[in-house]
Amino acid sequence: MALVFFNTLTRKKEAFHPLSPSEVKLYTCGPTVYDFAHIGNFRTYLFEDILRRWLNTSNYNVTQVMNITDVDDKTIRRSTEKGISLNEYTHDYINFFFEDLLSLKIEPAEFYPRATEYIPDMVQIITHLLEKKIAYKGEDSSIYYDVSKFPDYGKLANIEVAELKSGARVSHDEYDKEEASDFALWKTYDREDGDVFWETPLGKGRPGWHIECSAMSMKHLGPHFDIHTGGVDNIFPHHQNEIAQSEAYTGEKFVNYWLHAEHLIVDGKKMSKSLGNFYTVRDIFKKGFSPLGLRYFYVSSHYRNKLNFTFQGLQAAESSVHRIKDFVLRLKSAHGNPYPDLPEALSKAYQEFKEGMDDDLNTPRAVASVHELMNLLNPVLEEKEISREQAQEVIQFFLYTDKTLGLNLDELLEESLIPEEIERLISEREKARKNKDYRKSDEIRKTLQEKRFVIEDTPSGPRVKRI
RNA sequence: GGCGACGUAGCCAAGUGGUAAGGCAGAGGUCUGCAAAACCUUUAUGCGGCGGUUCAAAUCCGCCCGUCGCCUCCA
């Protein structure tokens, strides 16, 4: 089976065909850097990482852009409150964001454009839209997009614009635009903006939110590209508006596949600071959970289903990661007789992993194939009925799956090399144990623990692990 | 009010017509000087409820119940 994605645009699973046979152009909506990103944000970024990794594994060359929104109402307000410049303020949160990406082993995108660095590109698009009479200047001198000029407006979210206009939450009085459903491309300068403004042919002001993504995506990926992703909350209005702006500007189709990640909820409820169920990834690590555990937790659910975060669930993920790591280390020291059924089991595992991933990134299915193989081989390993060469083949399978799952198994295998000094202590301890000198053996175990190695005695001798 | 998603074991989660994957937790066991870890066995006559279609339904249809999301700048 070939790779299929659920496309929000058609609300169907579609076979994936990039515009250019081996290249994929991918735009992923990134953070607004007004605060630390939370575990819900990272669910989406992790989904995008899995997407990127699977495309790579499927032999596509991926060019990924992730924008950084470093100017908006919140960043301006908070930097003003703190009494520092917008740049100073966002600088820190950009760094924190990259640290968090790194800790979760999210592979870097090719480009991380910042909104403030693309003002001229936005101005160019807006100017063109004004010339085409698709945009207009409102009573407050801000520039708005006239959605009635875009026939398919609302299609992405399956929303009728006619109903929008009478929507309960929209009050006409508050706006200087002609229709409540129109949206801002350029916001004219307001006192509250402080020293955040750009003098442009459009007037003194700052960009609206949606326009940055149109400008930055098209700049790096061209007017028409393959995949655009984000959280479900971005479907409307953000992504709809991007389509309207971009297609009106270029006259051609903007994006072929729109993929959206469902939200993470906490204890069955929307995460919010007032409920006390709001966590950043840093909060999670402070509680003693590992980045890989959190990664596995995200992967254990399909990206289009709501994911209910609980500490019990996270603990389960941690346990699963341990089990996988342990299995891989066991494989490393395997040396027995060849296991005749291995080739069949392995090819089945490869096939099921691939089928799961190809089916709209069904990670729970893919992960199950890994566990099934472990369930089959653990008893085999117990009986030493697998050869060193075969164990290597199984390790290759795990490394293959790990290119997508990202549990750092390659590093684990490298680290599993035990320094000579440690080996010496282990054999010394074994000697003491044989002589029933348990005081000495326990002492050595303690010493090893201080050097961050843990000993596990098994019928076939001691095993050592790094902690 | 409009649009939409979801409801499978104690918890998490696959499965969209052929008789319930997988994980965690629990229970029992193996191993062990102790410890820790690991490994093995085991856990849903049933998939929110009630009807219907069918030889066959978690899967299709209808109604109901429940949870949640979006509906103008929240991933």
Side-chain angles (χ1 to χ4, degrees), chain A residues 11 28-32 37-48 69 72-74 147 154 157-160 162-164 166-170 174-175 177 180-184 187 208-210 212 229-238 240-241 260-265 268-272 296-297 300-302 304-310 312-324 326-327 329-330 352 356 359 362-372 374-375 378-379 381-383 433 436-439 441-442 445 449 454-460 463 465:
Chain A
R11 279 168 282 278
T28 50
C29 265
T32 302
H38 56 66
I39 54 174
N41 299 127
F42 274 98
R43 192 221 181 160
T44 300
Y45 305 138
L46 206 287
F47 145 68
E48 288 155 355
T69 301
D72 81 318
D73 292 351
K74 282 183 202 145
V147 303
N158 199 21
I159 283 172
E160 291 294 329
E163 283 161 15
L164 259 188
S166 53
R169 299 220 309 215
V170 179
E174 290 174 19
Y175 293 93
K177 50 195 179 185
S181 50
D182 292 347
F183 59 91
K187 295 181 162 187
W209 175 36
H210 317 294
E212 64 169 88
T229 70
V232 285
D233 53 297
N234 281 153
I235 296 172
F236 195 87
H238 185 52
Q240 178 61 74
N241 291 351
H260 292 98
E262 248 299 346
H263 277 172
L264 173 142
I265 54 180
K269 297 194 184 67
K270 189 169 179 171
M271 185 162 53
S272 77
Y296 188 96
F297 175 78
S300 65
S301 150
H302 184 85
R304 279 193 296 112
N305 281 145
K306 273 188 270 290
L307 172 59
N308 188 21
F309 177 90
T310 61
Q312 189 187 5
L314 184 55
Q315 187 53 57
E318 291 278 1
S319 301
S320 293
V321 172
H322 274 290
R323 181 148 178 258
I324 292 171
D326 233 273
F327 179 77
L329 287 179
R330 263 185 106 176
E352 287 184 353
D359 182 14
N362 193 330
T363 47
R365 255 177 81 187
V367 168
S369 75
V370 173
H371 283 284
E372 266 176 89
M374 285 200 296
N375 289 341
N378 255 324
L381 276 165
E382 202 78 353
E383 300 298 323
R433 287 182 72 224
K436 300 214 188 294
D437 185 355
Y438 294 124
R439 230 180 98 172
S441 78
D442 285 351
R445 180 159 65 191
Q449 215 152 38
V454 66
I455 296 275
E456 293 167 5
D457 296 320
T458 74
S460 53
R463 280 174 65 199
K465 281 198 285 195

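Quantities reported herein were computed from a predicted structural model and do not represent experimental measurements.
A:D233 and A:H263 form a side-chain donor-acceptor contact under 3.5 Å, judged by distance and modelled atom types alone.
Across all strands, A:R433 comes closer than 4.0 Å to base atoms (heavy-atom distances). Within the 4.0 angstrom heavy-atom criterion, base atoms lie near A:L264. As judged by a 4.0 angstrom heavy-atom cut-off over every strand, A:G230 is placed among residues touching the sugar-phosphate backbone only. Within 4.0 Å (heavy atoms only), A:I265 reaches no atom of the nucleic acid at all. As judged by a 4.0 angstrom heavy-atom cut-off over every strand, A:K270 is placed among the base-contacting residues. At the heavy-atom level, A:S369 lies nowhere under 4.0 Å from the strands shown. Heavy atoms of A:H302 sit under 4.0 angstrom from primed sugar atoms or phosphate atoms, though from no base atom.
With B:rU72, B:rA75, B:rA36 as the choices, the nucleotide that has an atom nearest any side-chain atom of A:T32 turns out to be B:rA75. Side-chain atoms of A:R330 lie closest to B:rA38 of the nucleotides B:rG15, B:rA38, B:rC24. For A:P364, whose side chain is taken as the heavy atoms from C-beta onward, the closest listed nucleotide among B:rA14, B:rC24, B:rC73 is B:rA14. Here the side chain of A:P237 is nearest to one of B:rG15, B:rU72, B:rC74, namely B:rU72. With B:rG4, B:rA75, B:rC73 as the choices, the nucleotide that has an atom nearest any side-chain atom of A:W209 turns out to be B:rC73. In the set B:rA75, B:rA37, B:rC73, the nucleotide with an atom closest to the side chain of A:E456 is B:rA37. Listed nucleotides B:rA75, B:rC71, B:rG15 differ in distance to A:N362; the shortest reach to its side chain belongs to B:rG15. Side-chain proximity of A:H371 to B:rG23, B:rA35, B:rC39: nearest is B:rG23. Closest approach to the A:P379 side chain among B:rC24, B:rC40, B:rA75 is made by B:rC40 (side chain taken as heavy atoms from C-beta onward).
Looking at A:R445, its side chain comes within 3.5 Å of the base of B:rA35 through a donor and an acceptor atom. In this model, no side-chain donor or acceptor of A:N308 finds a partner on the base of B:rC11 within 3.5 Å. Taking 3.5 Å as the limit, the base of B:rG33 and the side chain of A:D442 contain a donor-acceptor pair of atoms between them. In this model, no side-chain donor or acceptor of A:R323 finds a partner on the base of B:rC39 within 3.5 Å. Put simply, the side chain of A:K187 and the base of B:rC73 share a donor and an acceptor less than 3.5 Å apart.
Between A:N305 and B:rA14 there is a side-chain polar atom (N or O) within less than 4.0 angstrom of OP1 or OP2. Contact annotation: A:S319 side-chain N/O to B:rA25 OP1/OP2 distance is under 4.0 Å. Regarding contacts with the backbone of B:rC39, a side-chain N or O of A:N378 is found under 4.0 angstrom from either OP1 or OP2. Phosphate contact (OP1/OP2 of B:rC70, side-chain N/O of A:N158, threshold under 4.0 Å): absent.
Other residues, nucleotides and ligands contribute over 12 non-hydrogen atoms within 6.0 Å of the CZ atom of A:R11.
Across the strands present, B:rU45 finds no partner; the criterion is a Watson-Crick or G-U wobble pair with both atom distances under 3.5 angstrom. For B:rU32, there is no paired base (Watson-Crick or G-U wobble, both distances below 3.5 Å). The base-pairing partner of B:rU19, taking Watson-Crick or G-U wobble contacts with both distances under 3.5 Å, does not exist among the strands shown.
Rounded to whole angstrom, the span from the CG atom of A:D73 across to the C1' atom of B:rU72 amounts to 12 Å.
Taking atom C1' on both nucleotides, B:rA44 is separated from B:rA13 by 14 Å, rounded to a whole Å.
For A:S300 and A:K306, each mapped to the nucleotide of RNA chain B holding its nearest heavy atom, the one lying further toward the 5' end belongs to A:S300. Each of A:H322 and A:M271 lies near RNA chain B, and the nucleotide nearest A:H322 is the one positioned closer to the 5' end.
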